[in-house]
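Structure incoming, see below.
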Amino acid sequence: MTHFTYRNGEFHAEDVPLSRIAAEVGTPFYCYASAALEEHYRAFAEAFAAMPALICYALKANSNQAVIATLAAAGAGADVVSEGELRRAMAAGVPASRIVFSGVGKTAGEMALALAAGIHQFNVESEPELHSLSAVAQSLGKIAPITIRVNPDIDARTHAKISTGKAENKFGVPWQRARAVYRQAAALPGLKIVGVDVHIGSQLTELGPFEAAFTRVAALVAELRADGHDITRLDLGGGLGIPYEAGQQPPSPADYAAMIRRVTGHLGCALVLEPGRRLVGDAGVLVAQVLYVKASERKTFVILDAAMNDLIRPSLYDAWHDIVPLRKPAADAPYQVVDIVGPVCESGDTLATDRRLPSLVKGDLVAIRSAGAYGAVMASTYNTRPLVPEVLVKGEGFALVRPRPSYADLLGLDRLPPWLDGAAGAASAAGAASASSTASAAGTASIPGTASAAAPLALRHPAATPPPKILRT
Ligand SMILES: Cc1ncc(COP(=O)(O)O)c(C=O)c1O
């Protein structure tokens, strides 16, 4: 069930009209529905209830701490791929014992932090990584619980850029070499082999590729056990898709779990699952405002105040997102075929192409749907656009869970080198900014006067001054 619906002609997130949030926060903004996050987690957890399974939410899909905390409160662990994500997971209340660390490029520092925290397991992706982890664990007097991620060379039949289980992808060790790599791991100090890991891609819309990969992994487990390894865990990754377009019907968590039980149940392994998109994708929208409607000879462009820097999936993966006006169109409303684009200076800054939509005019608000996963986390400040804020709704209340940075915040991240500091000072003397070069002697001069230079602009932006972080009811 979706928690984003029209009520009384207004598009709502749970019980809150999104136009009300827009009036307070400004546009664009991401909005997530707590009830949707909880419901998606519950559906997943219930599907695996009869199996010993640890559901580790893949933070890469959406790492806002309010989202993580909502899922953690519902029972989720975390799958992290960087020190930053590890810190976010722990800060949001996920116990280290429920965190798994994936990724092809873990640094020694990241390994040390995760070992000190006492995470559930490391999913090791290469032989050199085994050696590095062994050395770090030894130096700390720790034992690292490990799985080795195998690359089963299975086509996930998803977009090439989110396909990870083919031989040509950088992920995991080739399944044909797995036994040799496990042999190496067993010989290294500081490591304890606990299982096998696999993840073949994201946004899978059929069970076949999963089943092919898990069948290969199950056969490998039998071989590894015959080789004397104590394989007690299977980490089967994430990847279960969501419906982005009408008519799409990816497998349910229940069907996915039933297949896993059929293919791996006889092994008696504890399971780790790493769903990301399935938990959060449908739990979020990106709300934007129409800036202009521009008719050219061939096309009509609806120019929004949201752009590829806020939601890159359409530009990066040709991804489809449904787009709906916040005010429900009348039954006899005219429709138009348009391109929905953003203000960024790239032709690729297109959120939808040749889309038939109710006619839109300047000032209209729209929701770009199913934007909860790989949306805000992939946002950038390209074109010096402030990172898009995030709002979490719960029932009739909502809270700003990441404010829109001010231009002072954004510009203040840059530093001028000492040899340019004078030039900036001269510019400021000419009235562009107020000079303050106290830090320049240390070689870390900040651009003088950014805060004051940004202040008048900030006033023009409705959300430049973040509202207090409170839950509104
Ligand atoms: C190792 C790993 N686990 C889990 C995920 C989450 O995938 P999804 O969001 O499709 O469930 C990913 C993303 O590709 C991943 O690389």
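These numbers were taken from a predicted model, which means no experiment stands behind them. Because only heavy atoms are used, hydrogens play no part in the values below, and waters and symmetry mates are left out as well, while side chains stay in.
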>> Quick one about Gln203 and Tyr244 (side-chain donor to acceptor, distance below 3.5 Å, no hydrogens or angles considered), yes or no?
In response: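 There is no such pair between these side chains.
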> Could you state the interatomic distance from CG (Leu113) to CZ (Phe101), rounded to the nearest 0.5 Å?
Replying inline: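 Leu113 CG to Phe101 CZ: 8.0 Å, rounded to 0.5 Å.
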>> As a quick check of understanding, evaluate side-chain contact (heavy atoms from CB on, under 4.5 Å) for Leu18 and Val285, giving each step before the final call.
In response: CA-CA 10 Å; Leu18 285 165; Val285 296; 4.0 Å; yes
> Does Thr164 use its side chain to pair, donor to acceptor, with the backbone of Ile200 at less than 3.5 Å?
Replying inline: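 The answer is yes, because a donor-acceptor pair under 3.5 Å joins these two groups.
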> Does some side-chain heavy atom of Leu392 sit less than 4.5 Å from a side-chain heavy atom of Phe398?
Replying inline: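 SC-SC contact between Phe398 and Leu392 ruled out.
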> So among Leu204, Leu273, Leu240, which one has a side-chain contact (heavy atoms from CB on, under 4.5 Å) with Arg278?
Replying inline: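 The option that passes is Leu240.
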> Step by step, would you call Arg233 with Thr147 a side-chain hydrogen bond (donor to acceptor under 3.5 Å, both in side chains)?
Replying inline: CA-CA 8 Å; Arg233 292 183 201 164; Thr147 71; over 6 Å; no
>> Does atom CD (Gln249) have a neighbourhood of more than 12 heavy atoms from anything else shown, all under 6.0 Å?
In response: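 Atom CD in Gln249 is not crowded, with 12 or fewer foreign heavy atoms closer than 6.0 Å.
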>> Could you go through Thr300 and Lys294, starting from their C-alpha distance and side-chain angles, then the distance that decides it, and tell me whether this counts as side-chain contact (heavy atoms from CB on, under 4.5 Å)?
In response: CA-CA 6 Å; Thr300 298; Lys294 168 175 157 177; over 6 Å; no
> Do Leu360 and Pro325 touch side chain to side chain, with heavy atoms closer than 4.5 Å?
Replying inline: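 A side-chain contact exists here, since the closest heavy-atom pair is under 4.5 Å.
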> Is Asp364 reaching over with its side chain to a backbone N or O of Val361, donor-acceptor style, under 3.5 angstrom?
Replying inline: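 A pair under 3.5 Å: yes.
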>> Strictly below 4.0 Å, N to O, side chains only: are Arg7 and Asp15 in salt-bridge contact?
In response: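 Asp15 and Arg7: salt-bridged.
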>> Using a 3.5 Å distance criterion without hydrogens, assess whether the side chain of Asn383 forms a donor-acceptor pair with backbone atoms of Cys345.
In response: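 Side chain of Asn383 to backbone of Cys345: a pair is present.
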>> Under the criterion ring pair (Phe, Tyr, Trp, His ring centres under 6.0 Å), I'd like the reasoning laid out for Phe171 against His199: C-alpha separation, chi angles, the key distance, then a yes or no.
In response: CA-CA 9 Å; Phe171 301 96; His199 170 80; 7.8 Å; no
> Taking atom CD of Glu396 and atom CZ of Arg20, what is their separation to the nearest 0.5 Å?
Replying inline: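 Nearest 0.5 Å value for the CD-CZ distance: 8.5 Å.
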>> Any side-chain to backbone donor/acceptor pair from Thr350 onto Ser347? Under 3.5 Å, distance only.
In response: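 Pair found, side chain donor or acceptor close to backbone of Ser347.
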>> Show the nearest heavy-atom pair for residues Glu39 and His3, with the distance to one decimal.
In response: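 Reported closest heavy-atom pair: OE1-NE2, 3.0 Å.
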> Does any non-hydrogen side-chain atom of Met111 lie less than 4.5 Å from one of Ser132?
Replying inline: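 Sidechains of Met111 and Ser132: in contact.
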> Looking only at heavy atoms, which two atoms of Leu365 and Ala22 are closest? And how far apart?
Replying inline: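 Looking at all heavy atoms of both residues, the shortest contact is CD1-CB, 3.9 Å.
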>> Determine whether a donor-acceptor pair (N or O, by modelled atom type, separation under 3.5 Å) exists between the side chain of Arg404 and the backbone of Gly26.
In response: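 Pair found, side chain donor or acceptor close to backbone of Gly26.
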> Passes salt bridge (charged side-chain N to carboxylate O under 4.0 Å, His left out), Lys394 versus Glu38? Steps please.
Replying inline: CA-CA 11 Å; Lys394 187 168 180 65; Glu38 287 157 2; 3.5 Å; yes
> Measuring from Leu115:CG to Leu133:CG, what's the distance to the nearest 0.5 Å?
Replying inline: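 That separation rounds to 6.0 Å.
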> Would Tyr57 and Glu274 count as a side-chain hydrogen bond (donor to acceptor under 3.5 Å, both in side chains) if you check the C-alpha gap in whole Å, the side-chain angles of each, and the deciding distance to 0.1 Å?
Replying inline: CA-CA 5 Å; Tyr57 166 57; Glu274 301 171 356; over 6 Å; no
> Is the backbone of Val194 close enough, under 3.5 Å, to the side chain of Thr232 for a donor and an acceptor to pair up by distance?
Replying inline: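 Side chain of Thr232 to backbone of Val194, a donor-acceptor pair under 3.5 Å: yes, one is there.
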>> As an exercise, state the distance from CD1 of Ile242 to CG of Asp282, rounded to the nearest 0.5 Å.
In response: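 Nearest 0.5 Å value for the CD1-CG distance: 4.5 Å.
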> Less than 4.5 Å apart, any side-chain heavy atom of Met259 and any of Phe214?
Replying inline: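 A side-chain contact exists here, since the closest heavy-atom pair is under 4.5 Å.
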>> For Gln121 versus Asp235, what's the shortest heavy-atom pair and its separation?
In response: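 Of all heavy-atom pairs spanning Gln121 and Asp235, the closest is NE2-OD2, 3.2 Å.
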> Is the side chain of Ser126 donor-acceptor paired with the backbone N or O of Glu129 at a distance under 3.5 Å, no angle test?
Replying inline: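 Side chain of Ser126 to backbone of Glu129: a pair is present.
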> Under 4.5 Å between any side-chain heavy atoms of Ser202 and Tyr374, yes or no?
Replying inline: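 Ser202 reaches Tyr374 side chain to side chain.
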> His321 side chain to Ala319 main-chain N or O, any donor-acceptor pair under 3.5 Å?
Replying inline: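 Looks like no, no N/O pair under 3.5 Å.
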> How long is the span from the CG atom in Asp197 to the CD1 atom in Ile148, to the nearest 0.5 Å?
Replying inline: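 Between atom CG of Asp197 and atom CD1 of Ile148 there are 10.0 Å.
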> Which atom pair, heavy atoms only, marks the closest approach of Thr384 to Tyr407?
Replying inline: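 Closest pair (atom of Thr384, atom of Tyr407, distance): O-CE2, 3.9 Å.
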> Is Arg262 paired with Glu211 through a side-chain N to carboxylate O contact shorter than 4.0 Å?
Replying inline: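 Between Arg262 and Glu211 there is a salt bridge, with a charged N closer than 4.0 Å to a carboxylate O.
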>> For a side-chain contact (heavy atoms from CB on, under 4.5 Å) check, start with the C-alpha distance between Leu86 and Glu110, then their side-chain angles and the critical distance, and finish with the verdict.
In response: CA-CA 9 Å; Leu86 176 59; Glu110 289 175 327; over 6 Å; no
>> Do Thr205 and Gln248 pair up side chain to side chain, a donor and an acceptor below 3.5 Å, judged on atom types alone?
In response: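 Side chains of Thr205 and Gln248: no pair found under 3.5 Å.
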> Do you know which two heavy atoms are closest between Ala307 and Val344, and how far apart they sit?
Replying inline: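 The pair with the smallest heavy-atom distance is CB-CG2, 3.6 Å.
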>> When you measure from the centre of the six-membered ring of Trp320, is the NZ or CZ of Arg355 closer than 6.0 Å and no more than 45° off the axis?
In response: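 Yes, Arg355 lies over the aromatic ring of Trp320.
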> Heavy atoms, side chains only, cut-off 4.5 Å: are Phe44 and Leu279 in contact?
Replying inline: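 Yes, side chains in contact.
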> Yes or no on salt bridge (charged side-chain N to carboxylate O under 4.0 Å, His left out) for Arg87 and Glu83, after CA distance, side-chain angles and deciding distance?
Replying inline: CA-CA 6 Å; Arg87 288 180 182 277; Glu83 176 170 345; 2.8 Å; yes
> What is the minimum heavy-atom distance between Val388 and Phe29, and which atoms define it?
Replying inline: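 Closest approach of Val388 to Phe29, heavy atoms only: CG2-CA, 3.7 Å.
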>> Closer than 3.5 angstrom, by distance alone: can the side chain of Tyr30 be matched with the main-chain N or O of Asp310 as a donor-acceptor pair?
In response: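 Yes; judged by distance alone, with no hydrogens or angles, the pair exists.
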> Which is it for Lys60 and Asp79 under the salt bridge (charged side-chain N to carboxylate O under 4.0 Å, His left out) test, yes or no, and what are the steps along the way?
Replying inline: CA-CA 8 Å; Lys60 62 175 74 67; Asp79 166 45; 3.5 Å; yes
>> Could you check whether any side-chain heavy atom of Pro28 comes within less than 4.5 Å of a side-chain heavy atom of Leu286, counting everything from C-beta outward?
In response: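 Yes, their side chains come closer than 4.5 Å.
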> Just by modelled atom types, is the Asp305 backbone N or O under 3.5 Å from a matching donor or acceptor in the Arg385 side chain?
Replying inline: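 A pair under 3.5 Å: yes.
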Under 3.5 Å, side-chain donor or acceptor atoms of residues 326-342 against the rest of the protein: list the pairs with distances, not counting sequence neighbours.
{"from": "Asp339", "atom 1": "OD1", "to": "Lys299", "atom 2": "NZ", "distance (Å)": "3.2"}
{"from": "Asp339", "atom 1": "OD1", "to": "Asp354", "atom 2": "N", "distance (Å)": "2.7"}
{"from": "Asp339", "atom 1": "OD2", "to": "Lys299", "atom 2": "NZ", "distance (Å)": "3.1"}

>> Can you tell me how far apart OG1 (Thr27) and CG (Leu304) are? Round to the nearest 0.5 Å.
In response: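 Rounded to the nearest 0.5 Å, the OG1-CG separation comes to 9.0 Å.
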> Stepwise, does the side-chain contact (heavy atoms from CB on, under 4.5 Å) test hold for Leu54 with Leu271?
Replying inline: CA-CA 6 Å; Leu54 175 60; Leu271 299 176; over 6 Å; no
> Side chains of Ile260 and Phe210: does their closest heavy-atom pair fall under 4.5 Å?
Replying inline: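 Side-chain contact under 4.5 Å: no.
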